[in-house]
Number of protein chains: 2
Amino acid sequence: MALDERKFLILRAIIDDYITTAVPVGSRTVSRKSGVGFSPATIRNEMSDLEELGYLASPHTSAGRIPSAKAYRLYVDQLLKVGELSKEETDFLREHLNVRSAQVDTVLNAAAQALSNITQYTALVTAPAVSSMRIRRVQLVPVDDQTALMIVVTNASIIKDTLIRVPEGLTPDLLHNLSETLTQALADQPLSNVRQRFAEVLRDLKENRKLFAGVMNALENRLEDEEKTKVVVGGPSNLLHYPEYSDVGRARDFLSVLESREKLYPLLRTGGSMEFTIRIGPETGVPELSDCSLVTATYRMDDQTGGTIGIIGPTRMHYGHVLSALGTMGRLLTGVLSREETEKEK
Amino acid sequence: MALDERKFLILRAIIDDYITTAVPVGSRTVSRKSGVGFSPATIRNEMSDLEELGYLASPHTSAGRIPSAKAYRLYVDQLLKVGELSKEETDFLREHLNVRSAQVDTVLNAAAQALSNITQYTALVTAPAVSSMRIRRVQLVPVDDQTALMIVVTNASIIKDTLIRVPEGLTPDLLHNLSETLTQALADQPLSNVRQRFAEVLRDLKENRKLFAGVMNALENRLEDEEKTKVVVGGPSNLLHYPEYSDVGRARDFLSVLESREKLYPLLRTGGSMEFTIRIGPETGVPELSDCSLVTATYRMDDQTGGTIGIIGPTRMHYGHVLSALGTMGRLLTGVLSREETEKEK
DNA sequence: GGTTAGCACTCGGGCATCGAGAGTGCTAAC
DNA sequence: GTTAGCACTCTCGATGCCCGAGTGCTAACC
């Protein structure tokens, strides 16, 4: 059975109400709402239908009804009107993102903080994917006789650094020269090409072969590590405000998901080219999050997909507001991380 | 009134019991304990005295008694026997600390993780104080025409990096030379001396004065920032297991303290030269932590005080175990961070 | 005189009871 | 097709009650 106009209307009214109150909605409540000109009895019939169709559920006989995951799905797909963020809110986000330091880490932290503040849910932010970066420079810095620090400067001034072992007797000047060679070979390459380019360099090389191979290994390992690890969480305790988490057990479960990068990270792998991804309850695939929803968006870095930002909240979250907040933040982040030479820190 | 032998005995029995059960202790329970050869009635008299002296409190008439902060104070000062960690536990800590990466960040994270695991409380770890570090190298890496990345390599391979603005037209080679000059001037200096040394370098300098001044500013700002920010938290949700936090409101308050570096950091400023600092309940000075205790210890880096590690738990925490865990971890960290050339990553 | 048994008393937690309120589903009338 | 009415169900909060745990006091005991 397709849902007719009136069912949509009623369903939306119920969801809207439930999102703000977290209390099961009864027929009287819906009937009183503006825009619905029917008596409770009529509403009841419709609600009964909606329940049968799987959009509503009753916690028990004499409570009202609450929307099911299926209802939220419908809601975000068809009923949702995404508003713009208010001027104040946009300014709030922009301001919070305007940190002195140009360190990407700091920016991401600020972003998570701002998002969690503005939504009052929990924010997740991943670092830009390495695949979206290009190498600017590779620099080897001597640390002691046998160790050097390899520093990779990418666009957006992300730094990856690793200690590598070097043959003894390499002078700073020699390392500097090696750095130049490496930089020339690798500059402006996307990181995904590194292995290949490296192989070419290696082929043309006479001396220091071993060193270069070591550098390459270190580089690759480091990048893989990095890719997997970094998720910044903002406002983890925000969700404890909501009645969904008045039970400590649930709260603990939720928080322990946030502590485990392994569970968190897959959720933030961007699913295709969509601007937004919304996962409702069970759709997250994480049992502990079965009454949470996760909304993610991506930001870009120099026209490549950069990273993911997301909000976790109860399934009855304010999807509209969250979407617009993520949208705005995505644009802001894209701007900040891509600005390159356009702006300088003081 | 001084406490006689028997009062000590009884008080310890009560505290021991309460620490493991979290349930108010009655006279019968104490009497049944091994080592106490008195009837409940006698115990009652003593308990009554202890209450009058401020060591015990009764939640209400017909519950048992619970230890006061004063009692815990006495307990840790005089009654506590600090055991050694078991072989297994020591191995556990060592193993968890044995991470591939030599990055200090990673090590600190691992330490926090291991500590929270082994104690089942919440662990705090601060990065080594900048004052305890020495500069190994200063390196300027070109990023684009007007920007360079300044990298400071310190012992324990901590990296501080900042973008600075440079005059146009500086070639990589020139920057490299500048780096050499800086390194020679600053190498092996403790960071606290930097300003002074810098001034000397600056005096002898003819060209590039401005650039050097810029570098110096950037360096100092960066260091100050760093000092204030970094606190690694391990197992924040661990405390939610305890009945003290069966109320979500308390849990939220606690967690929000962990989220605020401002409240957290002062707690970890090491108070003097003590090996351990124990702050019980109100002694923390943070209202939200009034029924928590905080135990901290320090680790060293190259014979300087490095940073702080700490455990937050309920006031009825297993002080003995926590102390030995912190002691062991402190030694391990000191070892790892000071090993310098003694070991290399694969 | 310190120690202990006995006993009356107190208090909170658990449990059943009860009524109020909210909401439903059904039927019959509009 | 819509609505009013009504009986029914279920939760929630309040009330009262009992039980157990624990205390404090007194008097007896060693």
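Both backbone and side-chain heavy atoms feed into the values below; hydrogens, waters and symmetry mates do not.
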Report the base-pairing partner of C:dT27 (Watson-Crick or G-U wobble, both distances below 3.5 angstrom), or none. D:dA4
Across all strands shown, which nucleotide pairs with D:dT9 by Watson-Crick or G-U wobble geometry, both distances under 3.5 Å? C:dA22
Just do the salt bridge (charged side-chain N to carboxylate O under 4.0 Å, His left out) check on B:Asp291 and B:Arg250 with the steps written out, would you? CA-CA 10 Å; B:Asp291 34 35; B:Arg250 280 168 179 279; 2.7 Å; yes
According to the Watson-Crick and G-U wobble definitions, with both distances under 3.5 Å, which nucleotide is paired to D:dC17? C:dG14
Take A:Val23 and A:Thr29 through the side-chain contact (heavy atoms from CB on, under 4.5 Å) test and state the conclusion after the steps. CA-CA 11 Å; A:Val23 168; A:Thr29 319; over 6 Å; no
B:Tyr265: which of B:Arg261, B:Arg269, B:Lys263 passes side chain to side chain donor-acceptor pair (under 3.5 Å): B:Arg269
Which pair of heavy atoms, one from A:Pro40 and one from A:Ser31, lies closest together, and at what distance? CD-OG, 3.5 Å
Report the distance from atom CD of A:Glu52 to atom P of C:dG25, rounded to the nearest whole Å. 10 Å
Whole-Å distance, B:Arg6 CZ to C:dG2 C1', equals 8 Å
Could you check how far CG of B:Asn45 sits from C1' of D:dG22, rounded to whole Å? 14 Å
Between atom NZ in A:Lys7 and atom P in D:dG1, what is the gap in whole Å? 11 Å
If you compare every side-chain N and O of B:Ser62 against the phosphate oxygens of D:dA21 (OP1, OP2), does one of them come in below 4.0 Å? no
Considering every strand and a 4.0 Å limit on heavy-atom distances, what is the contact class for B:Ala41: base, sugar-phosphate, or nothing? base
Separation of C:dG25 atom C1' from A:Met47 atom CE, nearest Å, is 12 Å
Toward the 5' end of DNA chain D, by each residue's nearest nucleotide, A:Glu46 or B:Arg28: A:Glu46
Does a side-chain N or O from B:Arg65 land closer than 4.0 Å to OP1 or OP2 of D:dG24, or not? yes
To the nearest angstrom, the CD1-C1' distance between B:Ile14 and D:dT23 comes to 13 Å
Modelled atom types, side-chain donor and acceptor of B:Asp16 and B:Tyr75, under 3.5 Å: yes
Check whether any side-chain N or O of A:Arg44 sits under 4.0 Å from OP1 or OP2 of D:dC6, and answer yes or no. no
Distance check: side-chain N/O of A:Ser27 vs OP1/OP2 of C:dT24, anything under 4.0 Å? yes
B:Asp4 CG to C:dT3 C1', in whole Å, measures 14 Å
Distance, rounded to the nearest Å, where B:Ile43 contributes CD1 and C:dG2 contributes C1': 14 Å
Nearest-nucleotide wise, let me know which of A:Ser48 and B:Phe38 is further upstream toward the 5' end of DNA chain C. B:Phe38
Under 4.0 angstrom between A:Thr61 side-chain N/O and D:dT9 OP1 or OP2: no
